[in-house]
Amino acid sequence: MYDSIVIGCGFAGAVVARELAEKGGQQVCLLEKRNHIGGNCYDVEDEHGILIHKYGPHIFHTNNERVFTYLSRFTEWYLFRHEVVANVHGEYLPIPFNLNTLVQVYGSEKAAELEAKLIEAYGAENKVPILKLKEHPDQDIAQIADFVYENVFLQYTLKQWGQKPEDIDPAVTARVPVNISRDNSYFADKYQGMPLEGYTPLFEKMLDYSGIKVELDTDAKSRLQLENGVIYFDNEIFDGNVIFTGPVDEFFNCCYGQLPYRSLDFVFEHHLVDSYQPKSVVNYTVSEDYTRITEFKKLTGQVAENQTTIVKEYPVAYDNAETQIPYYAINNPLNDALYQQYFELLKEYPKFYLLGRLAEYKYYNIDAIVDKALMLADQILQKGSL
Ligand code: FAD
Ligand code: UDP
């Protein structure tokens, strides 16, 4: 009855389902274990009518024209340049650390000298990861690197990962490099912002297509079995494609052990004030147990007078698949090798595909996932037409 079964209704699953149904004319069954669509990008109005992101703040950003054009079929946009500040002992500093932050920390005279050194070392408008900046032999640059390391990265990273910046995958801290420019934007991408009506309506539109059937509250493990190279769906042999976007270790009952992840506790608060904080996102880089506070109406552009909803993010170890969500893969050679063991299990099943941040055990942003989903759908459809 179905040509493809897609597991998980985040961006990975939703995009691939739409493409297979629309371009391939396929009948697609989309299974989602939660009671809603959208995966971690799901947004909804809270009891006060404020649009919140249930699984943490999601700012869409991309340089990828194909992705932006594709998603623009399903939404209009509220575009802006996303800015973040860090609360450092009560003072708000622009993050990523940039030449404006330099002036705020060192005063304009000293900052002018330091700026000249940074530009000489790295070139104007360039970006330098903190761990690279720390390696520079010049004493003045080392002084800046120490300041940024101590006041921006060390405590935040210890909270987020339970490890120091130098002990985690360098690509993670390199996401927020020191910018040798006066640009306060958190991201460098051409397109930044929010779906105008929110993410959930975008998903509703994407999934509103004749060939797609969505089944919520359905754990794929209760419907799909893999045995001796054969896929069973509802106890019958299934010869179509399966695209899995959940955690691959859990699908195999953690037979090689659980893949390590970091999780988060989100604590939402509603306040009867017009404005809670100076920017939509404030990072707490030297104090508090939470990493950041997001004030939603400042992200979404929603008008709500004298009230606002915020969320605090408390990072925690992931040790209970029943009660927690695996938000961040902890990529290192050991964990990546464990992932590879699960990946190898699927060699026997050439029509079973892994796609997405969980299934691929990678730190992907939304745009990367949409891009990968579009490419996988192309690949599956091309294979089918041979
Ligand atoms: P998900 O959205 O996690 O979807 C996977 C779905 O599969 C889930 O709905 C899950 O319930 C379902 N599922 C899992 N197992 C099963 C099963 N056995 N049966 C049925 N269903 C199953 N990216 C950005 O670009 N900008 C941001 O600002 C940003 N902020 C983020 C903030 C946080 C706190 C986090 C954790 C991530 C953020 N991201 C951001 C990344 C973004 O969330 C991901 O890129 C995107 O959600 C990945 O989509 P996905 O479909 O791969 O995964
Ligand atoms: N980071 C930090 N201080 C900050 C912002 C980021 O130490 O003020 C580090 C931290 O290790 C974090 C990583 O940089 O996990 C990536 O930050 P990003 O904002 O991209 O994280 P995400 O939004 O994906 O959680």
Side-chain angles (χ1 to χ4, degrees), residues 5-16 30-42 53-62 67 82 84-88 93 95-97 129-130 148-149 151-161 163-165 168-177 186-187 189 192 194 199 203 215-224 244-248 250-251 261-264 266 281-286 291-292 294 299 311 313 315 321 325-329 354-360 362-370 372-373:
I5 297 163
V6 177
I7 293 135
C9 196
F11 267 110
V15 169
V16 92
L30 212 171
L31 306 177
E32 168 55 57
K33 73 175 171 189
R34 297 180 190 170
N35 63 1
H36 60 74
I37 58 174
N40 286 345
C41 295
Y42 173 69
H53 296 184
K54 188 168 173 199
Y55 305 98
H58 281 79
I59 301 105
F60 177 72
H61 56 103
T62 195
V67 167
H82 179 54
V84 173
V85 289
N87 182 323
V88 179
L93 301 181
I95 298 292
F97 192 97
I130 180 60
V148 176
Y149 180 85
N151 291 284
V152 177
F153 285 94
L154 181 58
Q155 296 304 324
Y156 189 108
T157 301
L158 279 169
K159 284 187 268 186
Q160 177 75 357
W161 298 97
Q163 284 178 283
K164 289 183 169 179
I168 62 172
D169 180 351
V172 173
T173 46
R175 288 167 60 90
V176 187
Y186 199 67
F187 309 115
D189 302 274
Q192 308 184 11
M194 292 285 148
Y199 286 96
F203 278 91
E215 295 192 38
L216 299 177
D217 295 308
T218 306
D219 190 326
K221 281 204 296 186
S222 67
R223 307 280 294 277
L224 267 182
F244 183 78
T245 77
V248 68
E250 276 170 34
F251 189 73
Y261 296 94
R262 291 293 281 175
S263 190
L264 294 167
F266 294 107
V281 178
V282 175
N283 288 359
Y284 283 78
T285 55
V286 291
T291 47
R292 59 188 174 194
T294 298
L299 263 193
V311 67
E313 289 174 55
I325 293 177
Y327 286 112
Y328 295 89
L354 296 175
L355 174 72
R357 179 155 157 142
L358 291 165
E360 296 180 60
K362 290 236 169 70
Y363 199 156
Y364 285 132
N365 291 328
I366 295 168
D367 63 334
I369 289 297
V370 173
K372 293 212 69 166

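One-based numbering, in listed order, for ligands and for the atoms of each. All heavy atoms count here, side chains included; hydrogens, waters and symmetry mates do not.
- Close approach to Cys41 involves these atoms of ligand 1, each under 4.0 Å from a residue heavy atom: 47 (O).
- In terms of protein heavy-atom proximity, atom 6 (C) of ligand 2 is nearest to Val176 CG2, 3.7 Å.
- In this structure, atom 15 (O) of ligand 2 lies nearest to the protein heavy atom Trp161 NE1, 2.9 Å.
- Contacts with ligand 1 closer than 4.0 Å are made by side-chain heavy atoms of Ile7 only, the backbone lying farther away.
- In terms of the side chain to side chain contact (heavy atoms under 4.5 Å, CB included) criterion, residue partners of Glu360 (sequence neighbours excluded) are, by chain and number, Tyr339, Leu355, Lys362, Tyr364, Lys372.
- Atom 20 (O) of ligand 2 has its closest protein heavy atom at Arg175 NE, 2.8 Å.
- The ligand atoms of ligand 2 that sit less than 4.0 angstrom from a heavy atom of Val172 are 13 (C), 14 (O), 15 (O), 16 (C).
- Using the six-membered ring where Trp is involved, Tyr199 and His53 have ring planes that are perpendicular, over 60° apart on the 30 and 60° scheme.
- Atom CG of Leu30 sits about 9.5 Å away from atom CD1 of Ile37, to the nearest 0.5 Å.
- Any N or O atom pair closer than 3.5 Å counts here, and Ala220 shares at least one such pair with ligand 1.
- Looking at residues two or more places apart in sequence or on another chain, you find a side chain to side chain contact (heavy atoms under 4.5 Å, CB included) between Pro247 and Asp249, Glu250, Tyr261, Pro326, Leu358.
- Ligand 1 has a nitrogen or oxygen under 3.5 angstrom from a nitrogen or oxygen of Phe11.
- Remark: among candidates Thr157, Val281, Leu264, Val282, the nearest residue to atom 7 (O) of ligand 2 is Thr157, based on non-hydrogen atoms.
- Considering backbone and side-chain atoms together, Arg357 places an N or O closer than 3.5 Å to an N or O of ligand 1.
- At under 3.5 Å, a nitrogen or oxygen of Val152, whether backbone or side chain, sits near a nitrogen or oxygen of ligand 2.
- Close N/O approach between Glu32 and ligand 1 is found [any backbone or side-chain N/O within under 3.5 Å].
- Proximity of atom 47 (O) of ligand 1 to the protein is indicated by at least one non-hydrogen atom lying closer than 4.0 angstrom.
- Within the 4.5 Å cutoff, the side chain of Ile7 has no heavy atoms near those of the Lys221 side chain.
- Thr285 is not listed as a side-chain neighbour of Phe153, based on a closest heavy-atom distance of 4.5 Å or more.
- Of all the listed residues (His58, Arg34, Lys33, Glu250), His58 holds the heavy atom that lies closest to atom 38 (C) of ligand 1.
- Closest to atom 4 (C) of ligand 2, if we only count protein heavy atoms, is Asn283 ND2, 3.5 Å.
- Among the atoms of Tyr55, none of the N or O lies under 3.5 angstrom from an N or O of ligand 1.
- Closest to atom 25 (O) of ligand 2 among all protein heavy atoms lies Tyr328 OH, 2.5 Å.
- Within the 4.0 Å heavy-atom criterion, the part of Arg292 lying near ligand 2 is the side chain and not the backbone.
- At least one N or O atom of Ala12 sits closer than 3.5 Å to an N or O atom of ligand 1.
- Taking the six-membered ring for Trp, Phe60 and Phe11 have ring centres at least 6.0 Å apart.
- Considering backbone and side-chain atoms together, Asp367 places no N or O closer than 3.5 Å to any N or O of ligand 1.
- Of all protein heavy atoms, the one closest to atom 24 (O) of ligand 2 is Tyr363 OH, 2.5 Å.
- Under a cutoff of 6.0 Å and an axis angle of 45°, Arg175 and Tyr186 do not form a cation-pi pair.
- Atom numbering of ligand 2 starts at 1 in the shown order; those under 4.0 Å from a heavy atom of Thr285 are 8 (O).
- The CG atom of Asp189 sits 11.5 Å away from atom NE2 of His82, with the distance rounded to the nearest 0.5 Å.
- Nearest protein neighbour of atom 32 (C) of ligand 1, counting heavy atoms only, is Pro57 O, 3.5 Å.
- At least one heavy atom of Pro247 lies less than 4.0 angstrom from ligand 1.
- Given atom 26 (N) of ligand 1, the protein heavy atom at minimum distance is Ile59 O, 2.8 Å.
- The single protein non-hydrogen atom nearest to atom 3 (O) of ligand 1 is Asn40 ND2, 3.4 Å, given as residue, atom name and distance.
- The shortest N/O to N/O separation between Tyr364 and ligand 1 falls below 3.5 Å.
- With a 4.0 Å cut-off on non-hydrogen atoms, Leu264 touches ligand 1 through its side chain and not its backbone.
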>> Using the rule given for side-chain contact (heavy atoms from CB on, under 4.5 Å), can you reason through Arg34 versus Tyr55, listing the C-alpha separation, both sets of side-chain angles and the distance that settles it, and then say yes or no?
In response: CA-CA 12 Å; Arg34 297 180 190 170; Tyr55 305 98; 3.4 Å; yes
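- By the 4.5 Å heavy-atom criterion applied to side chains, Asp217 and Lys33 are not counted as neighbours.
- Taking atom 18 (P) of ligand 2 as the reference point, the nearest protein heavy-atom neighbour is Tyr186 OH, 3.7 Å.
- Of all protein heavy atoms, the one lying nearest to atom 12 (C) of ligand 2 is Tyr156 CE2, 3.8 Å.
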